[in-house]
Each structure stands twice: as C-alpha cells, then as structure tokens.
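Everything on this sheet refers to the single structure shown next.
Source: prediction; values computed, not measured.
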Amino acid sequence: MGRFVIGSAWPYVQTVPHLGNLIGSVLSADVYARYLRLRGHKVVFVSGSDMHGTPIEVEAIQLGVDPAEYASKMHQMVAELFRRWNISFDLYTHTHSETHIKFAQDFFLKIYENGYIFTKEEEVPYCPRDKIYLPDRFIIGKCPYCGYERARGDQCENCGRLLDPKQLVEPRCAICGSKPEWRTTRHWYLDLRKLEDRIRRYVEENPHLPQNAKEMSLGMLKEGLRPRAITRDNRWGIPAPFPGAEGKTIYVWFEAVLGYISAVIEHFRRLGREEEWAQFWKNPEARVVFFVGKDNIPFHVIILPALLLANGGSYTMPTTTASTEYLLYEGDKFSKSRRWGIWIDEALQLLPPDYWRFVLVYIRPENRDTNFTWSVALEIINKVMNDDVGNYVNRVLSFIKSRMGGVVPPPGRPAPEDENFIARVTELFKKAERHYDAIELKDALHALVEMAREGNRYLNTRAPWDLVKTDVEAAQAVLHRAYWSLKMLAVGLAPVAPDGAYQLWRMMGESAELRWDEAYKPPKPGAALGEVRPLFRKITEAEVKTLLQKLEELRSQKAARKFPWEQVIL
RNA sequence: AGCGGGGUAGGCCAGCCUGGUAGGCCGCGGGGCUCAUAACCCCGAGGUCCCCGGUUCAAAUCCGGGCCCCGCUACCA
C-alpha cells in the first residue's frame, strides 16, 4: 500500500472551466485517484480555486465589487460544479484560505533566508487612472511591425510577433484606454540559475514524466533558466513576506502551486489529525502526482520542484506531472471570447456526468491535440459506451434473470473455450491495470471496451440460448464466466464512469465492496441479482439538436446577467 | 524566429523507440444470430503510410532536406 498526493491544476476562477480544462487536469486526476483508492492506496486528492492576480482584480473593479467577493462567489460555483461532476476531491479549497496564505508566506521567507532570492529594479507600465501596474497583456497599442491597432504588450495577435510593451506605438491601458506611464519598481526574484543543475537532474533522471513534459522542460533547461520575479505590484494577492516588500504581493503562479502542500495540511487539520500531512509531503516513500494541461508544464516540472529545493529539500519531490495536450472543440481551440466550446456547467445541462467522463477519457489528448466533435461524441456514447459495453452487460444479466433463475450460476462444466475466454478477458483487465498504473487513462479505457467486445464475441460463439435447451451445465459455465467478466468491467470502469459502475455492481447483486481485487475473484454462485435495467441509453442526433438549442437559450439568459457568478448554470 | 508535437483508407486514431507481408473503431456492401437497448457476431471492399533523397537484403518505422498543421516561448493564468 502506498501513499499518494494527487493534485490537479488549480483552476483560475475568473471563469468557469471548460471541457478542455477539465480533461487535462481535474477529471484525469479524479480517474487516477479513484483507481488508486480501488487498489487500496492511501490517497489525498486536492486542488482548489486560484483566486488572486490581476485579471480577477481588474474584472472585479470593473464590476464594482471586491475581488475577494468575486473570487469567493466563483469559487463556490466551481466547487459545486466539480461535486456534480463526481470529482472525488478530498479537499477542494482556494488560495485565499488562511492556511494557504500563512503557509506560502512562511515558505517564501525560508527561501529568502536560504539565499535564493535577490532584488532588481525595473521600469514597468502603470496606469495612473486605474492606479494599477499593467502586466504586458494589459497594454495595447499599435504593432511596430505590422501596424495592427490592437497588439498586446506581449505579442501581436495579427502578425504573431513577440513584443516588449515598450515597443508599442501609442500604448494605452487595456482597461480604460488612457496612456500609461513608466514607473520604477523593485521586485524580488527567484534565482533559478542556482537551482538549474538540480532541476536538470530531477528532470533527466525522472522515469515517470510523460514525453511532452520531459521534452518541453529539457528544452527550457537547455536554453538556461532565467531568474523570475516572484513579486507583483498588485493588491489582490498574498502579501509578499520579504523585508522591504511591503505593499507587494506574491505572483499567483508562485503561490498557487504551493497549494498542493497547504491543501493537504488543511485536509488533515479538518480531520483533526494535522500532523499526518507530513506522511505525504515529508516522506520520500510517498508519491506526488500532478495533472495539468501542457501550458502548465513549466510551473509543475520546473518551478515547483525549484521552490521545494530552494526551501531546503525536505519536501517530497513530485513523482511526475501527467500532462496532456489540448482538447479542441469542433476543430478549433476553446475560446471564451468567441464562445467556442462547452463549459462544465453547460455540459451538465446536456448529458449526465458519466457520459461526459466516458467520452472525455476515451479521447483524452495524451499524445497530441484531439478534437471533440459532436459526431465523435455521439459515436462514442452510442456505439461504444451504450452498444458495446451497456448492451453486453444487459445481455448477460437479463439472460441470467430470465433463464437461470436470477441468481449467479455455478461454474458448471466448462469447455476449453470457456477457460480461454476468462484467460483473454483477464489479460485485457491486466492490460487496463497496467495502463492505469502508467496514467495512460485513454488506453486503460480502450482495453476495458475491448473486454466488452470480447464478451460479445464469446456470447455469440457459445450461444448459451441454445445450450440452455440441451445442456444446462454448459450454459451455466458460459454465464458464470460472462458474469465474471462483468465484475472486471464494473471494477475497471469505476474510475471513469462511477455512477454506471456502482449501479452495475448493485444490479449484479454483489455484496462485497467494489474494490480492484474483487475483479480477480470468481463469482459466488447463488447470489441473487438486483433489478436489471439498461445502464446507458443512446442519444439521438435530434436530441443533440434540441440540447444545443437549449444551450443557446441558456447562453442568452446568461449574457443578460451582470455578474459572472450569476451566469453559471447550476 | 527558437523549442515541442503532429501529417497512416471517406472520418477518427494505433503502429514508429526495439526496421521484416499495413492494424483498430466508425461509415459502406454482403451474410449470421435472436440472450440483448433494431443491439451483437462473421466476411468483404477501401490506403502513393505528406513530398524528395539516403542507409539497408528489407523503411510507415532509422538518417538528411523540404512542405503543411497545432501548441509553447517563461509579466494572462
């Protein structure tokens, strides 16, 4: 039995996450966490809302509310949505919690004392009207290369060139449009150069990192790590604890990643066993696994390990960061401004969570960007989840109901084909297990689907509906083994589609707790089945059309509401 | 521009690391079965494995060059 910290990237709660955010971080982490628990490991699965930073501060100001109020209302919405998605967090907290703020401040002070921080003065743009220092993206102006009027301070969206905000012709504040001035300010930097060798070793010697995380990180290391500013001149954030840094905050990225530790502390504190957090975060035997989209790789593979080392290296070094590529929606990137995509509140208005979870894991972007399209989604729901899996379950159970007295049949008198079937299906189950272990969730699910296909072939070949007329014991042998395959299916699917899997477990009349090991145990003859009904159903194209219309209506209602948290559909 | 990923049948994707008759699913054509949610099973048609060159007895797979697509580039998070 092992100890695992599972962390999923902390959603920035300026908006509700979309399906792409979900499969990259929270949903993948949930599937893995559920798998580990089924295996009997001790798991603490944490995440939380990332609340601080300029975008939320600015939007709150524009709406005339306190950033704290804005963030906390959004946090509550997002937390509720994750609950409805059956995300099995042990704790979903946020970065404005007392525990986190205190922890982050102490942590950075220690790094400061250890000599990994230096200060530097620089000139940054400041909007005198909004009284705010402007991050590069909050300055717009004319692109010096192509003349595009609305180029941002970091990059021109028209010609794609990288820019420095000082290059912009006629720069203006993206919020109010007034002319920014340049102010000199002092910032506190993390000296990554001092940590570079150790980080390189950490990345190179890590056998678990996915290829994209490893390549990307090594690429950055090859160029050389540059010091990064930890502090910011905004108000909405955690006050920087460094001497002389009064009035400054810690850049959100640097504190949010520490949430993986502070949330575990908070979790055990709530249980009244606070000291137990050290068994996870101060234990070289423990494993720490993060789930992030590819945009998040540097912060989890380089920055957080660097912080842990700079702090003194007494913390558990993260085992791996399971990073995904991107999910596209109908061929294009999800985009809030273009309203392109599906957001996780909307999704739940359209289909039950199991359906989404199954589809998203089935196409999880593990090797490359993958495209969510409604036609693919319908195919997976209707042909794979419903026909191959759901219908197989139904075939077996309703046959036992109608021809075998509704109780689990005895092993009977098996023919070689029956033993072969169990061997094949067990091999597939083990394959799924190996893939889960390697966090290849998509492959695990595909192996499980293959089990159902194997089962369908088996029934067609053995035709127990004929056997039952001439040789009851032979028919029992078949159904006994088909039933066994359902045990494996239920257990294997539980991480992906928990509602369906637990419903299946009840229909099967299983009294034991649903655990991974149960799959390897032969069925107990004589147990009575529960009520048998279809696990899943098909979604017609007409239904999807209706649903999408409904979605449009919901969106126009949302658009009419003033505050973002009022726009979330619950 | 630099870095990373990708280009395989009408669609989606596996195989590439560890060269050796090109695989899966959907769709399409034909057949079978009737336990099941008009589901399931079998057979078949369909491919210049982006292009050019090289290594090799043999290349989708290795090497070089080119074209195209996507992402990242660290002060949005």
Side-chain angles (χ1 to χ4, degrees), chain A residues 9-15 21 50 52-56 58 122 124-125 133-139 152-155 160-162 164-165 187 192 211-220 222-223 225-229 232-233 251-253 256 293-299 302-303 325-326 328 332-333 362-363 365 367-371 373 375-376 378-380 382-384 386-388 390-404 442-443 446 449-450 452-453 455-468 475 478-479 482 532-538:
Chain A
W10 290 47
Y12 195 65
V13 291
Q14 185 185 12
T15 56
N21 301 138
D50 186 357
H52 300 130
T54 306
I56 285 179
V58 167
E122 59 198 295
V124 293
Y133 286 88
L134 299 167
D136 290 354
R137 292 203 180 189
F138 280 81
I139 295 199
R152 293 180 322 204
D154 59 336
Q155 185 170 28
R161 259 183 251 251
L162 299 178
D164 187 278
H187 278 307
L192 283 165
Q211 202 191 327
N212 61 354
K214 197 157 200 161
E215 302 290 349
M216 210 179 277
S217 305
L218 287 175
M220 290 175 68
K222 216 164 82 188
E223 288 178 33
L225 298 183
R226 305 202 289 270
R228 292 188 64 155
R232 289 293 184 278
D233 283 308
Y251 176 39
V252 280
W253 261 118
K294 61 178 161 186
D295 51 334
N296 246 324
I297 288 170
F299 281 92
I302 291 180
I303 300 292
E325 298 289 310
Y326 280 150
L328 307 178
D332 262 314
K333 269 187 87 170
Y362 200 84
I363 61 173
N367 297 317
R368 62 177 79 170
D369 293 352
T370 61
N371 195 5
T373 66
S375 80
V376 167
L378 281 190
E379 179 185 319
I380 294 168
N382 292 338
K383 302 283 180 188
V384 180
N386 184 72
D387 291 349
D388 289 342
N391 185 52
Y392 173 58
V393 166
N394 199 237
R395 294 177 80 179
V396 175
L397 294 183
S398 48
F399 190 93
I400 294 176
K401 269 285 191 194
S402 63
R403 313 287 173 99
M404 316 220 90
K442 172 181 165 187
D443 293 333
H446 283 250
V449 167
E450 199 45 51
R453 292 191 173 130
N456 277 317
R457 269 193 291 277
Y458 175 60
L459 288 187
N460 281 39
T461 312
R462 295 291 283 143
W465 45 92
D466 288 336
L467 290 175
V468 80
V478 174
L479 268 300
V532 173
R533 54 201 160 83
L535 270 186
F536 309 114
R537 68 175 190 86
K538 293 199 195 221

In whole angstrom, give the distance that lies between atom [atom1] of [X] and atom [atom2] of [N].
| X | N | atom1 | atom2 | result |
| --- | --- | --- | --- | --- |
| A:W253 | B:rC72 | CH2 | P | 13 Å |
| A:D233 | B:rC76 | CG | P | 15 Å |
| A:I139 | B:rC76 | CD1 | C1' | 14 Å |
| A:N371 | B:rC13 | CG | P | 7 Å |
| A:R232 | B:rC76 | CZ | C1' | 10 Å |
| A:I363 | B:rC25 | CD1 | C1' | 14 Å |
| A:K333 | B:rC70 | NZ | C1' | 10 Å |
| A:D295 | B:rA77 | CG | C1' | 8 Å |

Does the structure show a Watson-Crick or G-U wobble partner for B:rA1, both distances under 3.5 Å? Name it, or say none.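 The base-pairing partner of B:rA1, which may sit in any strand shown, is B:rU73.
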Using both distances under 3.5 Å as the test, list the Watson-Crick or G-U wobble partner of B:rC25, or none.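 Looking at the geometry, B:rC25 pairs with B:rG11.
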Run the side chain to side chain donor-acceptor pair (under 3.5 Å) test against [X] and tell me which residues pass, sequence neighbours left out.
| X | value |
| --- | --- |
| A:Y392 | A:S485 |
| A:R226 | none |
| A:N456 | A:R395 |

Which value, in whole Å, describes the distance between the [atom1] atoms of nucleotides [N] and [M]?
| N | M | atom1 | value |
| --- | --- | --- | --- |
| B:rC70 | B:rC50 | C1' | 16 Å |
| B:rG15 | B:rG47 | C1' | 15 Å |
| B:rA22 | B:rA60 | P | 9 Å |
| B:rC13 | B:rC35 | P | 39 Å |
| B:rA14 | B:rG24 | C1' | 7 Å |
| B:rA77 | B:rG64 | P | 39 Å |
| B:rU55 | B:rG10 | P | 32 Å |
| B:rC26 | B:rC42 | P | 10 Å |

So how far is it from [X] [atom1] to [Y] [atom2], rounded to the nearest 0.5 Å?
| X | Y | atom1 | atom2 | value |
| --- | --- | --- | --- | --- |
| A:I380 | A:D388 | CD1 | CG | 11.5 Å |
| A:M404 | A:L397 | CE | CG | 13.0 Å |
| A:R152 | A:I139 | CZ | CD1 | 12.5 Å |
| A:L328 | A:I363 | CG | CD1 | 9.5 Å |
| A:F399 | A:L479 | CZ | CG | 5.0 Å |

Could you go through nucleotides 4-6 of chain B and list every protein N or O atom that sits under 3.5 Å from one of its N or O atoms, giving the distance for each pair?
| unit_1 | atom_1 | unit_2 | atom_2 | d |
| --- | --- | --- | --- | --- |
| B:rG5 | OP1 | A:Q211 | NE2 | 3.4 |
| B:rG5 | O2' | A:N367 | O | 3.3 |
| B:rG6 | O3' | A:R368 | NH2 | 3.3 |

For B:rC72, does OP1 or OP2 lie under 4.0 Å from any side-chain N or O of A:Y326?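 Indeed, a polar side-chain atom of A:Y326 lies that close.
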For a quick test of reading the model: is some side-chain N or O of A:Y251 closer than 4.0 Å to OP1 or OP2 of B:rA77?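 Yes, because at least one side-chain N or O of A:Y251 sits under 4.0 Å from OP1 or OP2 of B:rA77.
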Please give me the minimum heavy-atom distance between A:K538 and A:D387, naming the atom from each residue.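 Closest approach of A:K538 to A:D387: NZ-OD2, 3.1 Å.
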Heavy-atom closest pair, residues A:F138 and A:V58: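 Shortest heavy-atom separation between A:F138 and A:V58 comes out as CE2-CG2, 4.0 Å.
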Going 5' to 3' along nucleotides 29-39 of chain B, which nucleotides have protein heavy atoms under 4.0 Å from the base (write B), which only from the sugar-phosphate (write S), and which from neither (write -)? ---BSSBBB-S
Going through the distances and angles, do A:M220 and A:I302 end up as a side chain to side chain contact (heavy atoms under 4.5 Å, CB included)? CA-CA 9 Å; A:M220 290 175 68; A:I302 291 180; 4.1 Å; yes
What does A:V252 touch in the nucleic acid at a heavy-atom separation under 4.0 angstrom: a base, only the sugar-phosphate, or nothing?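 Sugar-phosphate, no base atom in range.
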Using a heavy-atom cut-off of under 4.0 Å over every strand shown, decide if A:R453 touches base, sugar-phosphate, or nothing.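 Sugar-phosphate contact only.
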Would you say A:Y326's side chain and A:N21's backbone share a donor-acceptor pair under 3.5 angstrom?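 No, because the side chain of A:Y326 does not come within donor-acceptor range (under 3.5 Å) of the backbone of A:N21.
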Sub-3.5 Å pairs of nitrogen or oxygen atoms, protein against nucleotides 42-44 of chain B:
none

Below 30° counts as parallel, above 60° as perpendicular, anything between as tilted: where do the rings of A:F299 and A:Y251 land?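 Ring orientation, 0 to 90° scale: perpendicular.
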A:K442, nearest nucleotide to its side chain (from B:rC13, B:rG11, B:rA77):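 Out of B:rC13, B:rG11, B:rA77, the nucleotide with an atom closest to A:K442's side chain is B:rC13.
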